[in-house]
Amino acid sequence: MVVLNRSSNPTGLLNLRRFLIPLPVIVISASTIRDIIESSELKTHLFQSYSGYSLSPPSEPPGKISSHANLADNSRVQLLHSQAIKAGSLGCLQVCNHILNLYVKGLNLGSARKLFDEIPNRDVRTWTILIAGFARLGPAGAGLVLFTEMQTEGIRPNHFSLSSVLKCCSSLNNLRCGKGVHGWILRHGVVLDVVLDNSMIDIYVKCAKVDYAGRIFESVTTRDTVSWNIMIDGYLQIGNTEKAMELFRRLPLKYVSSWNTIIVGQMRNGYGRKALELLCQMVEIGPDFNKVTYSTALALAASLAMLEVGRQIHGKLLRVVLDYDEFIMSSLIDMYCKCGKLDKAALVFEKMPHDLANMQNSKISSDRIMANVISWSSMISGCIQNGSYEEAIKLFQMMIHEGLDVDQFTLTSIASACANAGILYQGQQIHAYIEKTGHKLDVFLGSAIIDMYAKCGNLDDAHSIFFQTNGHNVVLWTSMISACSLHGQGREAVHLFEQMLKEGISPNEVSFVGVLSGCSHAGLVEEANAYFRSMKEDYGIVPRVEHFTCMVDLLGRAGLLDEAMEFIYSNNISHMTAVWRALLSACRIHKNVQIGNWASEQLSKLEPFDAGLYVLSSNICSATHRWEEAAEIRSLMEERRVKKKLGQSWIQIKNQIHTFTAGDRSHPQAAEIYCYLDKLIGRLKEIGYSTDTKPVMHDVEEEQKEVLLAFHSEKLAIAYGIMNTSCRATIRVMKNLRVCTDCHTFIKYTSLAMDKELVVRDAHRYHHFKHGQCSCGDYW
DNA sequence: TTAGGGTTAG
């Protein structure tokens, strides 16, 4: 028999493990196992779970106690379990309950359930431990089933099982079951305590019966800060700020959690300024900040993009030595990312421990590991917000390499990165990962994947995700509507918009951008006018520059250039550069020099250093052979040091991205590409293709212009694509600028000559080339 | 009881 000396076990679990491993053959009795539990840190976890009942609750809890045990405990618990089996100690219900509780605390509900089923003489504690586990970790429905089974077995629930089952009802928003439990409590004359009262208030708040919850709240004899906070938050959730503030003011100013509740609630409801005012009041008259306050304050600074406030909070954290805390660090990272300071965020991120194996070995709690995951997620979305898509994808790959769990949040961000970078292969990998790991397609993830497929050129896949996603909200519908518009499927976009209205979902401002741009692509002028009116009159949405630009684009595309001018002036939007740019673009296509000049004049007043303006204007000059004017524009550009954005195209072949710029010879296969392109152009000329020299800004010899045009980046990418894929494969090319008219014609002829489908995403939209035609109808 | 990461346009 081995007796553990408490004084020789200062490090608890470590000694326990050392103690247990070398002694597999020694028979340990149930009382020894109890000793082990009593003398180890495991007892602390056990004690914490019942602290609500074994101790009277303090009026203000000292702070959040980690709700989960160490992940590293799981192996120890399993070891303890197998030792208990060998020792024949599982006949002792107390031992079984202890081990069961440890499994639940270690988040191992599978093993807990298995052990539970093997316990023959379960008492109320056995049932309660598992119900509480399901209440906290889910699935909450299983907690409800267990509660019913417990009663069928004739076991009377105690306070803990009642509050746990109420928590299950609350997380399921199941008012009917909640009322049932409430009724049972009343019928059986259970003497209520503050925890049970709070559980009942909570279920009614969660099920939107806030006034009824308020009546219970006012009638109970004892309230703690939890009771007040549940009610304050309840009123905030239904938008009753006055009532929430009234309750808050009835409280003494010393309760930090109540300050946190009211500040968080105001922020969540979009009252950032009020939240900031309260935070300032808290500094002056309230209690000291706790971790939640700091975290909230950072989130507030982030949402208001107040970098200076964020910096000051960071300074304060350094002084109170809280800057090392993972929760706080993840908030700091997010604040810096949202304020556009990716480098500062990266500095904080690098200070965090990121090695999962080390984290587990050093007994970091699962909450802290979660904080670590959040910081990765923040860093990834920060990269995306700042346009560093490839960096975001690299971080994601590192995250998987580190063995960290990737959740819905991170997947959503990374899908968005793939969408914006146009990396179909990586996006498909994400989709496969979601299917493999069984993640649900919620509206966030669904919308991001729809957008990814749409922006990577696969409209059909976007459609199928739309149908697979659970729950259709306005963003999901809008993603699909915008996807159709992006691909020139205007009528389908309008159809979806109408379907959304029939489903009773109100469009938002983005939905209108989607449907208006769809109308533009399909030439639906009347419909667009009606939607534009409806947006203002029926939905009270004030049109923004995006909506105005869609309308000018629509009128311009339809050739109604005078009407477009009239629209700009009658809506008082002549100060918006985007609308003039849309009009200028229309003038180029319809070769209207007069209005084009007017538009470029207005645009140059507003944005004298915009390269796009000079390019568009000079293209109009080139189109009408006014070379001198084109030259003037060129010298003006040089004089004003306006730089044209470098055109870049890229194509993915066998998981590799190949990027090309105009006239680029840096690719290892450059010689073959140019040779192939020469031959291809020769072949296209045989079937009627002639180089369109208008888009070139320079007044040079025709032959030389041809050479310049031949080497545009999209042509190089397409030639490379055809050379390196099978004859049936669709070629997908991305470009950072709009496709020029010559390249557009070139691709149309290529699709005809090669009998190939080519999909090109330019800065504005998608072009699907097939049988010599383009889905944009030659307007882009 | 309160915190912290996510989607659609431009």
Side-chain angles (χ1 to χ4, degrees), chain A residues 57 60-61 63-64 195 198-199 201-202 205 223-234 236 255-265 267-268 289-300 302 325-335 337-338 367 370-382 384-385 406-417 419 441-452 454-455 469 473-483 485-486 507-517 544-547 549-550 578 763-764:
Chain A
E60 170 78 343
K64 190 179 175 185
V195 176
N198 287 347
S199 301
I201 296 169
D202 180 58
V205 163
R223 301 184 197 111
D224 61 5
T225 43
V226 176
S227 337
W228 287 90
N229 290 339
I230 295 171
M231 274 322 300
I232 291 170
D233 195 49
L236 286 168
Y255 295 138
V256 64
S257 68
S258 301
W259 281 93
N260 292 342
T261 304
I262 195 93
I263 292 169
V264 169
M267 190 168 70
R268 191 187 49 218
F289 284 17
N290 68 6
K291 282 206 264 177
V292 177
T293 326
Y294 280 114
S295 193
T296 305
L298 286 167
L300 189 58
D325 179 280
E326 279 99 340
F327 299 82
I328 299 289
M329 282 172 125
S330 70
S331 304
L332 271 172
I333 290 168
D334 195 52
M335 182 276 292
C337 284
K338 294 229 168 89
D367 276 3
M370 176 59 81
N372 210 295
V373 170
I374 290 173
S375 64
W376 281 89
S377 181
S378 297
M379 221 35 237
I380 288 173
S381 65
I384 296 164
Q385 284 153 19
V406 179
D407 61 14
Q408 308 269 115
F409 288 87
T410 316
L411 287 169
T412 304
S413 294
I414 212 70
S416 162
L441 274 177
D442 65 8
V443 283
F444 288 95
L445 192 49
S447 306
I449 300 274
I450 288 170
D451 189 48
M452 181 275 291
K455 289 198 175 132
T469 306
N473 71 351
V474 63
V475 178
L476 192 86
W477 278 98
T478 303
S479 304
M480 199 59 235
I481 292 165
S482 307
S485 298
L486 182 70
N508 63 17
E509 64 276 21
V510 187
S511 325
F512 277 105
V513 175
V515 76
L516 289 175
S517 99
R544 298 208 307 230
V545 60
E546 294 87 354
H547 305 106
T549 310
C550 279
H764 199 58

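Naming: A, B, ... by sequence-line order, numbering from 1 per chain. Keep in mind that what you see is a predicted model, and the values were worked out from it rather than measured.
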What about Asp407(A), does its side chain sit under 3.5 Å from the base of dG6(B) through a donor-acceptor pair?
no
Is it the case that the base of dG5(B) and the side chain of Ser377(A) share a donor-acceptor contact (distance under 3.5 Å, atom types as modelled)?
yes
Please examine the side chains of Val292(A) and Ser257(A), heavy atoms only from C-beta on, and report whether any two atoms are closer than 4.5 Å.
no
Checking all strands, does Met267(A) fall into the base, sugar-phosphate, or nothing category for heavy-atom contacts under 4.0 angstrom?
sugar-phosphate
Heavy atoms only, 4.0 Å cut-off, all strands: where does Asp442(A) land among base, sugar-phosphate and nothing?
base
Using a heavy-atom cut-off of 4.0 Å across all strands, would you classify Val443(A) as base, sugar-phosphate, or nothing?
base
Would you indicate what Val545(A) reaches in the nucleic acid, counting non-hydrogen atoms under 4.0 angstrom: base, sugar-phosphate, or nothing?
nothing
Mind checking if Thr293(A) touches a base, just sugar-phosphate, or nothing, with heavy atoms under 4.0 Å?
nothing
Between NZ of Lys291(A) and P of dT1(B) the distance, given in whole Å, is 18 Å
Check: Asn229(A) and Val226(A) side chains under 4.5 Å, non-hydrogen atoms
no
Answer whether the closest heavy-atom distance between the side chains of Leu298(A) and Asp334(A) falls below 4.5 Å.
no
Tell me the interatomic distance from Ile450(A), atom CD1, to dG6(B), atom C1', rounded to whole angstroms.
15 Å
Would you indicate what Ser479(A) reaches in the nucleic acid, counting non-hydrogen atoms under 4.0 angstrom: base, sugar-phosphate, or nothing?
sugar-phosphate
From the list dT7(B), dT1(B), dA9(B), which nucleotide is the closest neighbour of the side chain of Thr261(A)?
dT1(B)
Could you give me the CA-CA distance, side-chain angles and deciding distance for Ser227(A) and Asp224(A), then say whether side-chain hydrogen bond (donor to acceptor under 3.5 Å, both in side chains) is met?
CA-CA 5 Å; Ser227(A) 337; Asp224(A) 61 5; 2.8 Å; yes
Qualifying residues under ring pair (Phe, Tyr, Trp, His ring centres under 6.0 Å), relative to Trp376(A), sequence neighbours excluded
Phe349(A), His354(A)
What nucleotide, of dT1(B), dT7(B), dG5(B), holds the atom closest to the side chain of Thr410(A)?
dG5(B)
Among the candidates dG6(B), dT1(B), dG4(B), find the nucleotide nearest to the side-chain atoms of Ala299(A).
dG4(B)
Are any of the side-chain heavy atoms of Arg223(A) and Trp228(A) separated by less than 4.5 Å?
yes
Asn229(A) CG to dT2(B) P, in whole Å, measures 8 Å
Let's see if you can work this out: which of dT1(B), dT7(B), dG4(B) has an atom nearest to the side-chain heavy atoms of Ile230(A)?
dT1(B)
Spacing between Ile333(A) atom CD1 and dG4(B) atom P, to the nearest angstrom:
15 Å
Nearest to the side chain of Glu546(A), heavy atoms from C-beta on, is which of dA3(B), dA9(B), dG4(B)?
dA9(B)
Calculate the interatomic distance between Met329(A) atom CE and dA3(B) atom P; express it in whole Å.
22 Å
Scan Ser295(A), Ser375(A), Ser378(A) and name whichever one has a side chain to side chain donor-acceptor pair (under 3.5 Å) with Ser331(A).
Ser295(A)
So does Lys455(A) get a side-chain nitrogen or oxygen closer than 4.0 Å to the phosphate oxygens (OP1/OP2) of dG10(B)?
no
Check the phosphate of dA3(B) against Ser331(A), side-chain N and O only, distance under 4.0 Å to OP1 or OP2. Yes or no?
no
Length of the CZ-P vector between Phe327(A) and dG4(B), whole Å
13 Å
Quiz item: Ser295(A) side-chain donor-acceptor pair to dA3(B) base, under 3.5 Å:
yes
Rounding to a whole Å, what distance do you find between Ile449(A):CD1 and dT7(B):P?
12 Å
Classify Asp233(A) by what it touches in the nucleic acid, base, sugar-phosphate, or nothing, heavy-atom distance under 4.0 Å.
nothing
In terms of side-chain heavy atoms of Ser381(A), which of dT7(B), dG5(B), dA3(B) is nearest?
dG5(B)
For Leu332(A) and dG5(B), give me the distance from atom CG to atom C1', rounded to whole Å.
14 Å
Phosphate contact (dG5(B) OP1 or OP2) by Gln408(A) side-chain N/O below 4.0 Å
no
